[in-house]
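No experiment lies behind these values; they were computed from the predicted model shown.
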Amino acid sequence: MQLSQTEREQLYAILEQYDQHPKVQEMREFIQHGDVTTYQHCKNVVLVSFWLNRRFHLGADETALAVGGFLHDFYLYDWHKTSSFHGIRRLFEMHGFSHPGSACVNAEHYFHITKKEQDIIQSHMWPLTFRHVPTCREAIIVCLADKYCAVVESMFRRAKVATTVGADVADDTEW
């Protein structure tokens with residue numbers, strides 16, 4: 001899955017204002033899967049989403065796709081250090097269920113995102129978050145790309161993901 005240099009430049013033009021924000025840069029401090037940071041994971045999801053949309057001519061709104069994909073895990077905490085299962089009554093407080101809401105609140109607060117971008121963020125964990133079903137093609141694309149990246153990142157670690165989605169190994173590389 002490789003994006004052309006032109007496609008990478010178009011993608012970065014959409015995301016530059018978000019990528020340079022100090023709160024977005026905080027995502028580099030948190031591990032997502034294996035040894036992949038939340039920042040790199042979000043970048044991977046954007047690259048795969050953009051690639052899917054372009055290669056399969058899905059006709060998604062590329063700005064909403066890129067912004068929603070990039071901010072889908074903008075929750076800004078180390079989920080490995082938060083408490084785990086405390087019984088069925090508190091099941092929905094666990095990270096897998098609750099982080100889309102936290103990410104959406106942060107994205108709204110710092111960037112005043114659109115309703116479509118909110119939907120992308122809120123529904124990216126579907127079907128786990130069964131009440132938040134993807135309602136637009138952009139949300140479906142990000143949801144699928146997120147699952148793909150999570151599996152690759154967890155099973156094959158960073159180096160394999162980077163070559164799979166066309167990103168460089170380090171977090172600080174260009175798009």
Side-chain angles (χ1 to χ4, degrees), residues 1-3 5-53 60-82 95-96 98-125 138-139 141-143 145-154 156-175:
M1 289 185 210
Q2 293 289 333
L3 294 177
Q5 186 60 36
T6 302
E7 289 171 322
R8 286 175 176 272
E9 289 168 3
Q10 292 169 340
L11 184 56
Y12 189 68
I14 295 168
L15 294 175
E16 184 175 16
Q17 68 174 334
Y18 304 94
D19 190 40
Q20 293 179 358
H21 194 280
K23 285 293 183 181
V24 168
Q25 292 301 311
E26 283 183 28
M27 291 194 298
R28 293 175 186 268
E29 299 172 17
F30 308 112
I31 295 298
Q32 182 74 357
H33 306 115
D35 60 355
V36 178
T37 66
T38 303
Y39 176 85
Q40 185 63 48
H41 168 73
C42 289
K43 202 168 152 182
N44 290 341
V45 169
V46 169
L47 290 166
V48 170
S49 297
F50 206 76
W51 184 89
L52 288 168
N53 185 54
D61 172 344
E62 290 185 340
T63 298
L65 181 71
V67 172
F70 192 49
L71 300 177
H72 81 278
D73 279 338
F74 187 49
Y75 49 80
L76 302 176
Y77 60 84
D78 183 353
W79 69 270
H80 301 89
K81 292 183 179 176
T82 59
H95 173 76
S98 65
H99 82 272
S102 299
C104 194
V105 166
N106 287 340
E108 288 179 77
H109 175 74
Y110 291 105
F111 302 113
H112 309 291
I113 59 173
T114 68
K115 293 288 184 195
K116 184 179 280 189
E117 292 159 353
Q118 291 173 33
D119 178 50
I120 294 167
I121 295 168
Q122 287 278 14
S123 64
H124 82 272
M125 287 299 290
E138 295 81 4
I141 295 167
V142 169
C143 186
D146 182 50
K147 307 296 179 276
Y148 170 79
C149 290
V151 167
V152 174
E153 290 164 358
S154 297
F156 301 111
R157 301 291 184 156
R158 179 180 295 178
K160 181 66 174 176
V161 173
T163 59
T164 303
V165 299
D168 294 320
V169 175
D171 280 352
D172 58 353
T173 58
E174 291 185 27
W175 289 83

Engineer: Taking all atoms of both residues into account, what is the closest heavy-atom pair of Ile121 and Ala103, and its distance?
Structural biologist: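 It is CG2-CB, 3.8 Å.
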
Engineer: Taking atom CZ of Phe70 and atom CG of Asn44, what is their separation to the nearest 0.5 Å?
Structural biologist: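 Spacing of CZ (Phe70) from CG (Asn44) equals 11.0 Å.
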
Engineer: Which heavy atom of Cys149 sits nearest to which heavy atom of Val48, and what is that distance?
Structural biologist: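 Nearest heavy atoms, Cys149 then Val48: SG-CG2, 3.7 Å.
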
Engineer: Who are the side chain to side chain contact (heavy atoms under 4.5 Å, CB included) partners of Glu29, not counting sequence neighbours?
Structural biologist: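 Residues passing side chain to side chain contact (heavy atoms under 4.5 Å, CB included) with Glu29: Glu26.
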
Engineer: What distance do Ile120 atom CD1 and Thr114 atom OG1 have between them, rounded to the nearest 0.5 Å?
Structural biologist: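 Answer for the CD1-OG1 pair, Ile120 versus Thr114, is 7.0 Å.
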
Engineer: Which heavy atom in Gln20 sits nearest to a heavy atom in Tyr12, and how many Å separate them?
Structural biologist: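 The answer is NE2-OH, 3.4 Å.
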
Engineer: Quick one: list whatever passes side chain to side chain contact (heavy atoms under 4.5 Å, CB included) with Glu9, sequence neighbours left out.
Structural biologist: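 In terms of side chain to side chain contact (heavy atoms under 4.5 Å, CB included), with neighbours along the sequence ignored, Glu9 is linked to Gln5.
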
Engineer: Side chains of Asp146 and Met125: closer than 4.5 Å at any heavy-atom pair?
Structural biologist: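 Asp146 vs Met125: side chains touch.
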
Engineer: I'd like to check the side-chain hydrogen bond (donor to acceptor under 3.5 Å, both in side chains) partners of Asp61; sequence neighbours left out, ordered by chain and number.
Structural biologist: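 Asp61 satisfies side-chain hydrogen bond (donor to acceptor under 3.5 Å, both in side chains) with no other residue.
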
Engineer: Measuring only between side-chain heavy atoms, which start at C-beta, is His41 closer than 4.5 Å to His72?
Structural biologist: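 A side-chain contact exists here, since the closest heavy-atom pair is under 4.5 Å.
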
Engineer: With rounding to the nearest 0.5 angstrom, report the CG to NE2 distance, Leu15 to His21.
Structural biologist: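 These two atoms lie 14.0 Å from each other.
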
Engineer: Calculate, to the nearest 0.5 Å, the distance between atoms CH2 and CG belonging to Trp51 and Leu11 respectively.
Structural biologist: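 Going from CH2 on Trp51 over to CG on Leu11, the span is 15.0 Å.
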
Engineer: With His109, which residues qualify under ring-ring contact (aromatic ring centres under 6.0 Å, His included), at least two apart?
Structural biologist: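 Per chain and number, His109 pairs via ring-ring contact (aromatic ring centres under 6.0 Å, His included) with no residue.
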
Engineer: In chain order, what residues pass the ring-ring contact (aromatic ring centres under 6.0 Å, His included) check against Tyr18, with sequence neighbours excluded?
Structural biologist: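 Counting only residues at least two positions away or on another chain, Tyr18 forms a ring-ring contact (aromatic ring centres under 6.0 Å, His included) with Phe111.
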
Engineer: If you define the side chain from C-beta out and look only at heavy atoms, does anything of Asp19 sit under 4.5 Å from Gln25?
Structural biologist: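 Asp19 reaches Gln25 side chain to side chain.
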
Engineer: How long is the gap from CD on Glu16 to CD1 on Ile14, to the nearest 0.5 Å?
Structural biologist: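 Rounded to the nearest 0.5 Å, the CD-CD1 separation comes out at 11.5 Å.
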
Engineer: So, taking the atom named CG in Asn106 and the one named OH in Tyr75, what distance separates them when rounded to the nearest 0.5 Å?
Structural biologist: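 Going from CG on Asn106 over to OH on Tyr75, the span is 11.0 Å.
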
Engineer: Given side-chain contact (heavy atoms from CB on, under 4.5 Å), test Asn53 with Glu138 step by step and report yes or no.
Structural biologist: CA-CA 9 Å; Asn53 185 54; Glu138 295 81 4; over 6 Å; no

Engineer: With sequence neighbours left out, what residues match Thr63 under side-chain hydrogen bond (donor to acceptor under 3.5 Å, both in side chains)?
Structural biologist: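 Per chain and number, Thr63 pairs via side-chain hydrogen bond (donor to acceptor under 3.5 Å, both in side chains) with no residue.
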
Engineer: Indicate the atoms forming the closest heavy-atom contact of Ser123 with Cys143, along with that distance.
Structural biologist: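 Distance-wise, the nearest heavy atoms are O-SG, 4.0 Å.
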
Engineer: Would you name the heavy atoms of Cys42 and Met27 that are closest together and state the gap between them?
Structural biologist: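 Between these two residues, the closest heavy atoms are SG-SD, 4.1 Å.
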
Engineer: Of all residues at least two apart in sequence or in a different chain, which pass the side-chain hydrogen bond (donor to acceptor under 3.5 Å, both in side chains) check with Gln10?
Structural biologist: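 Only Arg54 meet the side-chain hydrogen bond (donor to acceptor under 3.5 Å, both in side chains) criterion with Gln10.
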
Engineer: Would you please name every residue forming a side chain to side chain contact (heavy atoms under 4.5 Å, CB included) with Gln17, sequence neighbours left out?
Structural biologist: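 Partners of Gln17 by the side chain to side chain contact (heavy atoms under 4.5 Å, CB included) criterion come out as none, since no residue qualifies.
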
Engineer: Show the nearest heavy-atom pair for residues Ile113 and Glu117, with the distance to one decimal.
Structural biologist: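 That closest heavy-atom pairing would be CB-OE1, 3.2 Å.
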
